[in-house]
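One structure below.
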Protein chains: 2
Amino acid sequence: MTKREKNFPRMAEVAKLAGVTVMTVSRALRSPAKVAPDTLKRIRAAIDKTGYVPNALAGALSAGGGGKTITALIPTVQHAIFADTITGLSAALRPEGYHLVLGETGYLSEEEDALVAAFLSRRPEGFLLTGVTRSPRTRDLLKRVGVPVVETWELTNTPIDMVVGYSNEKAAHEMTVWLAGRGYKRIAFVSGPSRTNERARRREIGYRRALKEQGLPVLKIFTIGAPAAPQVEDGAAILPEVLAEKPDAIFFTSDIYAVGAIQEARRRGIAVPKELGIAGFHDLAIATVIEPKLTTVHVPGREIGYIAGRNILARIRGEPAPQLSAIPFSIVARDSTK
Amino acid sequence: MTKREKNFPRMAEVAKLAGVTVMTVSRALRSPAKVAPDTLKRIRAAIDKTGYVPNALAGALSAGGGGKTITALIPTVQHAIFADTITGLSAALRPEGYHLVLGETGYLSEEEDALVAAFLSRRPEGFLLTGVTRSPRTRDLLKRVGVPVVETWELTNTPIDMVVGYSNEKAAHEMTVWLAGRGYKRIAFVSGPSRTNERARRREIGYRRALKEQGLPVLKIFTIGAPAAPQVEDGAAILPEVLAEKPDAIFFTSDIYAVGAIQEARRRGIAVPKELGIAGFHDLAIATVIEPKLTTVHVPGREIGYIAGRNILARIRGEPAPQLSAIPFSIVARDSTK
DNA sequence: TGGGCTTATGTTATCGGTAACATAACTGAG
DNA sequence: CTCAGTTATGTTACCGATAACATAAGCCCA
C-alpha cells in the first residue's frame, strides 16, 4: 500500500468528468439544493459512470468529526444476550446512518483496555461497553476524550457517562425470594466465572442477601471456572458436587448451566422439580426447549442495546439523555420449579 | 461538530510537550528504532500525560490505505451460525490488529446493496459477505474497487473474489439419502424463507435430487414465510400442514424449526422417531437439549469465519489465497430419527 | 583532519475531502 | 439603466497524520 488508494475513484475524477471542481461535487453530495439542476444531473451521471463512493475517512477528518461509527465492546457474540444487545443497538443506529464497530473482549478486562485504546484511534462517536467495572486507565481515557459512553447490563451511580441496565443483585434477590416463597429451604447457588464476570458477582450478593432475610442457610457456593461463554456441559459437570450439599433447589447464573444440570439430573434419575427445583438466568431460547421448561429471570437484552443506542445518538446531537436507565427484568415461572 | 475534534489531543500537542516536531512523534509511534532513546522517552511521557490516541483516520488517509478494518455483512447475529462466523472472523483478525465492522442485512438483498455502498465509504480493506447471490450492481462495485471479498456459507465457481463454504445442495442431498437409508419412504421437506435465503433454496434442490435418485416421492414442499431469523414456533405451527402429506420423516432446513416440530409432535402424541423421524440443519446447541436429541447436519460456522479472515488477510498482504475453500459438513445422527 | 557514512530530526507536499470566504453571472425593483 | 441581492461555482486553507527528501551532527578510518 504505497501512496494511493487501490482502485477507488476520487472525487476529482468525478469532477473532471462533469466539468466542475471537486467542491461542486462535494456540494452535490451533501446539499444538492445548492447545485444547479443541470450540473447536478451531470455530476450524478459522472458518479454512476465512475462508481464513485465517497471517502468517509477523508470527509470525517475534514469535517472534524468522527466517522459516524459507534463502537460496541461485548464479551462475546456467542452468548445470545449480547447478540440481542447488538441487534438492539444496530436497530437504533441504522436509521441515523451510523455504523457499528464490534469488539469481543472474551470477558477479559485487559482485552477491554486494549480494545478501547485501539478503537479510540478510529474516533468513534460513541461507545457501548458491557458491565460497569473497568480499569481506572480506561475510565480516565474515556472521560477525558469526552465521547458518549454507555455502560450496560448493570447499574451504578458512578458511570463514566451513562448506564443502561438493571440490577443483577436485585434480580437474583428476587428470584431467590421467589424460590423461598415456593417452599424451597436449601437453595444452592452456582455462579459463572465471578472473577471475570461482575454480573455473576452481583447476583451472588443478591442471593446471599435474600437467604439472610429469609433465614435460610447459605450453602457452599459453586463457581464455574472457565472465563468463556457458558457451556451446557459445565452445568452437567458441576451437578454432582452441588448435590453433595443436599439442596432442594439450585439457582444457576445462566440458563445454559441450568439446562445442563436438568439433563444430568435426568440421567441420574432425579426428578425435576419434584425432588430438585432448578432455576436459571437470562430466559434464553433453550429455556423453553428443555423439559421441564426452565424457570428463569427474563432480562431485556435487546432493549438494553436499543436504549443505549438512542441515548448515545441523543448525546451526539447535544440533546439530553438520562444518566441512568433502568430496564425491567422479570421472573418467569415455568416447570423446573414447583 | 465544527472544525475541531472534541477533546482528542493531537500529535502536535504531544510534540510540543516533548520538544520535537510531529514527524518525530509519528516515527516514535511507528518505527521507534529510528528515534533516539532519550527522545523516545520524552515522547512516551508526553503521550501518557496528554492521553494521546493516534487518529487512525488521518493516518490511513495519509498512508493511502484503508483503516485496518474488515467489514462483515451477515443476515443477523441472532442466528448462532452467523454469530459463530463472526467469532471465527474476529479471532483471525485480532492478532493482526484489524477491526471488525459489522452490518446486519436482515436477509434483505436491498439492504445488503445499501450497506455495501455505505461501508465502502469507510474504505475497509476486506469484505465478508453471506451467500453467493447478489445484485449485479454490488458485484460490479466490489470488483471494480478491487477490495478482497470473501463470500461465505455456499460455494460457487464464479465468486466476486473468493468463497469459503460448503455445498448446501450436497449437504441436503446427503441428509436425504441418509434418511432414505434408514428406511424412510415419505420424506417431507420444510424450507426456510427460500425467496430471501438462497441456502434454503439450494437445500431444496439437493433434497429433490436425492429423492429422484432414490425413487421416492416428492411430497408437497412447505416454506416458512417470514424473512427473519427462524423461530421455534414457526416449526410447531407448520407441523399440522406437513402431517397432511402423511410423511414418515420431515427434514427441516433449520434445527430451530425441527425443535418446534418435535415439541408440537409431543403435544399431539406423535412418537418421534417411532412414528415420525425428524431431521434438522446446523447442529445448534438446542439440538442436544431437545428430547429426543436431534439428527442434523453439522456445519462449520466458526471455521468459515476464521478461514475467510485468514484469506482476506493473505490477500491484503499480497500472498496467494485460494479462490475456493470448501469446508466439510457432516451428518450427525441422534435420536430424532430411527 | 577531512570527506564519506550513519544517525537523528526537520521540512515540504500530500492523502481526499469540507468550511469559509470570494467571485461571477443573473435577477428585479426603483 | 443601475445597484443591491440572489444563485451557482470557484479558491484557499486546513483536518491530522505520513512519505520522501533534506539537513545537521556525530563517527570512523585513511
Side-chain angles (χ1 to χ4, degrees), chain A residues 1-16 18-43 46-47 50-68 120-125 145, chain B residues 1-16 18-43 46-47 50-68 120-125 145:
Chain A
M1 201 74 47
T2 52
K3 197 71 184 176
R4 171 75 171 74
E5 277 192 84
K6 333 191 52 139
N7 302 317
F8 286 95
R10 288 162 311 182
M11 205 179 250
E13 276 142 53
V14 176
K16 193 159 68 172
V20 293
T21 47
V22 288
M23 198 58 236
T24 306
V25 177
S26 175
R27 265 192 289 260
L29 255 26
R30 37 189 29 247
S31 39
K34 291 186 184 161
V35 176
D38 184 59
T39 312
L40 201 53
K41 209 178 299 172
R42 270 174 14 244
I43 291 176
I47 287 177
T50 53
Y52 173 71
V53 179
N55 184 331
L57 273 54
L61 181 58
S62 172
K68 277 221 165 204
L120 225 28
S121 73
R122 218 130 292 167
R123 298 295 185 265
E125 296 190 36
V145 299
Chain B
M1 201 75 48
T2 53
K3 198 70 182 178
R4 171 74 169 72
E5 277 192 85
K6 329 188 59 130
N7 301 316
F8 287 95
R10 291 162 307 183
M11 206 179 250
E13 277 142 52
V14 176
K16 194 159 67 176
V20 293
T21 47
V22 288
M23 197 57 235
T24 306
V25 176
S26 174
R27 265 192 288 257
L29 256 27
R30 33 189 35 249
S31 37
K34 289 187 185 161
V35 176
D38 185 59
T39 313
L40 201 54
K41 211 178 296 175
R42 267 165 28 236
I43 292 176
I47 288 178
T50 53
Y52 172 72
V53 179
N55 185 330
L57 273 54
L61 180 57
S62 172
K68 278 222 164 202
L120 226 27
S121 74
R122 218 129 294 165
R123 299 294 186 265
E125 297 190 35
V145 299

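Values reported hereafter were calculated over all heavy atoms of this structure, with side chains retained and with hydrogens, waters and symmetry mates removed.
For B:Leu120 and C:dG16, the CG to C1' distance is 15 Å, given to the nearest whole Å. B:Leu61 places its CG atom 10 Å from the C1' atom of D:dT18, with the value rounded to the nearest Å. In this entry the distance linking CG of B:Leu57 with P of D:dT18 reads 12 Å, nearest Å. Residue B:Glu13 contributes atom CD, which lies 12 Å from atom P of D:dC15 at whole-angstrom precision. B:Met11 places its CE atom 15 Å from the C1' atom of C:dT9, with the value rounded to the nearest Å. Between A:Ile43 atom CD1 and D:dA8 atom P there is a gap of 12 Å when expressed in whole angstrom units. Put simply, CZ on A:Arg42 is 13 Å from P on D:dA8, counting in whole angstrom units. Rounding to whole angstrom units, CG of residue A:Asp38 and C1' of D:dA8 are separated by 12 Å.
Using a 4.0 Å cut-off, no side-chain N or O of B:Arg10 falls inside it from OP1 or OP2 of D:dA17. Dashed line: the shortest gap from a side-chain N or O of B:Arg30 to OP1 or OP2 of D:dA19 is under 4.0 Å. Contact between the side-chain N/O atoms of B:Tyr52 and the OP1/OP2 oxygens of D:dA17 is found at a separation under 4.0 Å. A close approach under 4.0 Å does occur between a side-chain nitrogen or oxygen of A:Thr39 and OP1 or OP2 of D:dT9.
Considering all non-hydrogen atoms of both residues, A:Leu40 and A:Val35 come closest at N-CG1, 3.9 Å.
Mapping B:Ala36 and A:Ala58 onto DNA chain C via the closest heavy atom, the residue that lands nearer the 5' end is B:Ala36.
Annotation: the span from A:Thr24 atom OG1 to A:Lys34 atom NZ amounts to 12.0 Å, rounded to 0.5 Å. A:Arg10 contributes atom CZ, which lies 11.0 Å from atom CG of A:Asn55 (distance to the nearest 0.5 angstrom). To the nearest 0.5 Å, atoms OG1 (B:Thr39) and CZ (B:Arg42) are separated by 5.0 Å.
A:Arg123 places a side-chain N or O within 3.5 Å of a backbone atom of B:Pro54 that can act as its donor or acceptor partner. Listed for the B:Thr50 side chain is a donor-acceptor partner under 3.5 Å among the backbone atoms of B:Ala46.
Each end of the helix from C:dT1-D:dA30 to C:dG30-D:dC1 gets its own rotation axis from five pairs of C1' atoms, and the angle between them is 50° to the nearest 10 degrees.
Counting heavy atoms from C-beta on, the side chains of A:Val20 and A:Ile43 come closer than 4.5 Å. With a 4.5 Å cut-off on side-chain heavy atoms, A:Val145 and B:Val53 do not count as touching.
Listed by chain and residue number, nothing satisfies the side-chain contact (heavy atoms from CB on, under 4.5 Å) test with A:Lys16 (two or more places apart in sequence, or in another chain).
Near DNA chain D, defined here as any heavy-atom distance below 4.0 Å, the residues from residues 19-27 of chain A are A:Val20, A:Thr21, A:Met23, A:Thr24, A:Arg27, listed numerically.
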